[in-house]
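What you see is a predicted model, and the numbers here were worked out from it, not measured in a lab. We count ligands from 1, going down the list as the structure has it; atoms in each ligand are counted the same way.
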Amino acid sequence: MKIEFRYEPIAQLNNSALVTYAFEGSPASSGSVERLPTESRSLLQELESAGELSGKPFECTLIHRPPGLVAARLLIVGAGKKEKLNSAQQRRLAGTAVRYLKSRGVHDMAWVVAGPESESDCIQAVIEGALLADYDADCYRTERDGQRRIDRLDLALSSAPGEEAEAARERARIVAEAQNFTRDLVNEPANRMTPALLAQRAQEMAKRFGLECQVLGPEEIRALKMAAFWAVAQGSEEPPRLIVARYAPPDAPEAPHIGLIGKGITFDTGGISIKPSENMHEQKTDMAGGATMLGVMQAIAQLNPQVRVTAVVPATENMPSGKAFKPGDVITSMSGKTIEILNTDAEGRLVLADALTYAKQLGCTVLIDAATLTGAITIALGNITTGVFGWNKEWVERVLAAASTAGEKMWALPVDEDYRDLYKSSIADLANTGGRYGGAITGAMFVGEFAGDTPWVHLDIAGTRWSNEEKPFLAKGPTGHGVRTLVQLLTNISTRGTE
Ligand code: BES
Ligand code: MN
Ligand code: ZN
């Protein structure tokens with residue numbers, strides 16, 4: 001998508017569609033509609049009086065040959081209540097316009113920039129919304145919706161763009177492309193996204209954007225004594241990979257050194273504690289945490305925040321076989337802590353345990369993990385909100401603040417000593433499950449045991465990684481949820497330090 005700024009009068013723009021938004025209550029005379037010439041505004045007034053234009057969220061009204069405009073079409077997107085307009089809503093409005101137009105074979109559009117936020121925030125939200133909405137997940141259909149694309153987006157400003165506008169455009173493109181990269185990885189089925197193929201995609205990305213990327217195989221994983229990771233990997237014919245990507249700008253301070261650890265289960269059958277067959281195909285997305293971290297790395301390699309970051313992604317399948325680990329097995333994790341396996345389907349926390357230990361060994365001073373860890377988080381928060389966990393209040397707050405800026409919904413859930421009893425083992429240091437009650441919390445806390453005293457934040461994205469319904473502004477399928485928040489967090493650390 002080619003994205004350009006325009007600042008001639010709106011009436012002169014020659015796009016296939018000019019897009020404005022309108023608020024509920026007075027749709028013909030509110031929102032960016034106000035920037036239209038009077039001829040088209042009076043037509044909108046007629047539509048409003050006839051009850052055909054309401055301004056309700058995401059309502060789309062398309063007018064051909066609009067009076068007073070050179071553009072071939074005028075699209076009015078309902079923006080809902082005026083008080084509720086913010087960057088997150090702008091992102092969705094722009095996305096709605098993109099999906100509406102591209103499904104009708106329109107390939108170029110002009111968006112009339114207006115809103116209560118700063119011009120650069122507006123620009124960033126609109127471009128992100130447009131690029132995210134242009135994505136479709138049907139890449140293996142021979143006649144795919146995804147072939148219909150918006151290839152030109154003009155942003156109609158009221159005056160010539162300054163440096164801030166240019167920077168916002170660049171930042172938005174980088175962030176949205178990174179999020180779409182994550183969505184591509186999550187979307188791949190397990191036969192096309194084995195641990196080796198995930199590692200290959202990581203290496204290609206790293207090479208393209210100038211990051212260092214190291215990939216360890218089975219022998220190296222065993223030599224590092226990653227027995228918890230190995231326990232999960234041993235049942236699969238597909239050899240595991242440990243992906244390590246480094247971003248270390250020469251002038252960045254030694255600390256904090258952020259470790260981004262992402263669960264990379266390329267398919268989770270449950271192992272010997274096998275999952276029911278219904279919906280098992282959804283477990284192709286069980287590497288979404290790893291894909292999130294690779295997306296974040298792709299973005300920061302281009303944005304250049306002054307902060308050290310190392311991504312660690314343990315990638316393997318979780319399969320039942322004659323070589324698979326079994327309930328009752330006791331393993332000695334890389335940290336030295338022993339773990340009794342009560343359920344082979346609680347595999348994410350095992351691979352994360354060793355990956356966290358390794359990240360600490362690599363010098364990380366803050367650990368952030370993202371994982372499709374538990375079904376329980378979807379019971380608690382649905383598909384809308386990511387669960388955030390951690391003992392360190394300051395870092396949890398930083399993540400929540402970044403999420404709010406980035407327009408991703410995240411909510412802190414508790415960790416508490418009293419839950420520890422739930423995953424005690426009668427034979428080893430820890431058991432790998434804590435039962436059904438509070439399952440997202442005990443899962444998180446199990447992972448946290450391996451962070452030790454290092455500040456740690458866990459994101460459970462099992463609910464948010466995928467959208468089962470198509471939204472007006474987003475295709476059904478992988479969401480890339482979490483990428484924008486973590487990129488924002490790293491940017492915040494770079495500009496504000498850790499005080
Ligand atoms: N990968 C699953 C979690 C999951 C569920 C992701 C649904 C996406 C959609 C995870 O490995 C798992 O199986 N968790 C178990 C843990 C239990 C055995 C303690 C769960 O949530 O049932
Ligand atoms: Mn599992
Ligand atoms: Zn899993």
Side-chain angles (χ1 to χ4, degrees), residues 185-187 189-190 193 195 198 228-229 231-233 235-236 240 261-292 313-320 324-329 339-355 369-387 389 413 419 422-425 430-447 449 458-468 477-479 481-482:
L185 297 180
V186 174
N187 197 40
M193 188 49 71
L198 179 60
F229 181 13
V232 179
S236 172
I261 299 97
K263 173 175 172 181
I265 301 293
T266 58
F267 196 77
D268 181 12
T269 65
I272 297 298
S273 314
I274 198 159
K275 288 181 181 294
S277 54
E278 196 176 289
N279 296 332
M280 202 204 270
H281 65 282
E282 291 182 358
Q283 294 302 324
K284 73 171 188 178
T285 64
D286 211 18
M287 32 57 75
T292 301
V313 179
T316 176
E317 294 183 331
N318 183 23
M319 299 291 284
F325 74 139
K326 306 165 193 73
D329 285 1
I339 305 168
E340 181 187 15
I341 305 303
L342 292 183
N343 190 323
T344 62
D345 199 10
E347 85 297 341
R349 61 199 74 185
L350 297 172
V351 303
L352 290 172
D354 284 346
D369 80 79
T372 47
L373 201 70
T374 66
I377 199 70
T378 61
I379 304 297
L381 299 175
N383 301 119
I384 312 289
T385 308
T386 287
F389 303 80
L413 290 169
Y419 291 93
L422 294 171
Y423 54 90
K424 274 206 302 218
S425 161
L430 303 163
N432 81 326
T433 69
R436 263 163 62 84
Y437 287 4
I441 297 173
T442 52
M445 284 177 61
F446 181 97
V447 175
E449 298 286 345
H458 162 69
L459 307 179
D460 195 334
I461 57 169
T464 49
R465 82 207 186 287
W466 190 268
S467 171
N468 278 323
T479 59
H481 192 101

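The Zn ion (ligand 3) lies at the vertex of an angle of 90° between the OD2 atom of Asp268 and the OE2 atom of Glu347 (rounded to 10°).
A distance of 12.0 Å separates OG1 of Thr433 from CD1 of Ile339, quoted to the nearest 0.5 Å. Rounded to the nearest 0.5 Å, atoms NE2 (His481) and OG1 (Thr386) are 3.0 Å apart. In this structure, CG in Leu430 is found 10.0 Å from CG in Leu350, a value given to the nearest 0.5 Å. Note that OG1 of Thr479 and CG of Asn383 are 9.0 Å apart. Values are rounded to the nearest 0.5 Å. To the nearest 0.5 Å, atoms CG (Asn318) and CD (Glu347) are separated by 4.5 Å. Thr374 OG1 to Arg436 CZ: the interatomic distance, rounded to the nearest 0.5 Å, is 12.5 Å.
A salt bridge links Glu282 to Arg465: at least one charged side-chain nitrogen sits closer than 4.0 Å to a carboxylate oxygen. We find that Lys263 and Asp286 are joined by a salt bridge, their nearest charged nitrogen and carboxylate oxygen being less than 4.0 Å apart.
Atom OD2 is the N, O or S atom of Asp286 at the shortest distance from the Zn ion (ligand 3). Looking only at N/O/S atoms, Asp268 comes nearest to the Mn ion (ligand 2) through OD2.
Here Glu282 has no heavy atoms under 4.0 Å from ligand 1, in either its backbone or its side chain.
Of all atoms in ligand 1, listed by their number and element, those nearer than 4.0 Å to a heavy atom of Lys275 are 2 (C), 12 (C), 13 (O). Residue contact check: Glu347 has heavy atoms under 4.0 Å from atoms 11 (O) of ligand 1.
Of the N or O atoms in Thr285, none lie within a sub-3.5 Å distance of an N or O in ligand 1. Between Asp286 and ligand 1, a contact under 3.5 Å exists for at least one N or O pair. In terms of polar-atom proximity, defined here as any N/O pair under 3.5 Å, Ala346 makes no such contact with ligand 1. Considering backbone and side-chain atoms together, Asp345 places an N or O closer than 3.5 Å to an N or O of ligand 1. Residue contacts with ligand 1: Asp268 is placed with a nitrogen or oxygen under 3.5 Å of a nitrogen or oxygen of the ligand (distance criterion only). On a distance-only criterion, Thr433 and ligand 1 share no N/O pair closer than 3.5 Å.
Here the protein heavy atom with the shortest distance to atom 22 (O) of ligand 1 is Gly375 N, 4.5 Å. Atom 10 (C) of ligand 1 has its closest protein heavy atom at Leu373 O, 3.3 Å. Protein heavy atom in closest approach to atom 3 (C) of ligand 1: Thr372 O, 3.5 Å. Atom 18 (C) of ligand 1 has as its closest protein heavy atom Asn343 ND2, 3.5 Å. In terms of protein heavy-atom proximity, atom 16 (C) of ligand 1 is closest to Arg349 NH2, 3.8 Å.
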For Phe389 and Ile441: C-alpha separation, side-chain torsions, deciding distance, then whether side-chain contact (heavy atoms from CB on, under 4.5 Å) applies.
CA-CA 8 Å; Phe389 303 80; Ile441 297 173; 4.0 Å; yes
Evaluate Asp268 against Thr372 for side-chain contact (heavy atoms from CB on, under 4.5 Å), listing each step before the verdict.
CA-CA 11 Å; Asp268 181 12; Thr372 47; over 6 Å; no
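Using a non-hydrogen distance threshold of 4.0 Å, Lys284 does not register as a contact of ligand 1. Using 4.0 Å as the threshold, Lys263 has a heavy atom nearer than that to some atom of ligand 1. Under a 4.0 Å heavy-atom criterion, Asn432 is not in contact with ligand 1. Using a non-hydrogen distance threshold of 4.0 Å, Gln283 registers as a contact of ligand 1.
Because the distance cut-off is set at 2.8 Å, Glu347 qualifies as a neighbour of the Mn ion (ligand 2) through one of its N, O or S atoms. Metal site remark for the Zn ion (ligand 3): Ala371 contributes no N, O or S atom at a distance under 2.8 Å. Using a cut-off of 2.8 Å, one finds that Asp345 contributes no N/O/S atom close to the Zn ion (ligand 3).
Thr378 places a side-chain N or O within donor-acceptor distance of the main-chain N or O of Gly375, the cut-off being under 3.5 Å. Between the Asn432 side chain and the Asn343 main chain, a donor and an acceptor come within less than 3.5 Å of each other. Without hydrogens or angle criteria, Asp460 side chain to Gly387 main chain gives no donor-acceptor distance under 3.5 Å.
Under the side chain to side chain contact (heavy atoms under 4.5 Å, CB included) rule, Ile272 has a single partner from Ile341, Thr344, Asp329, which is Thr344.
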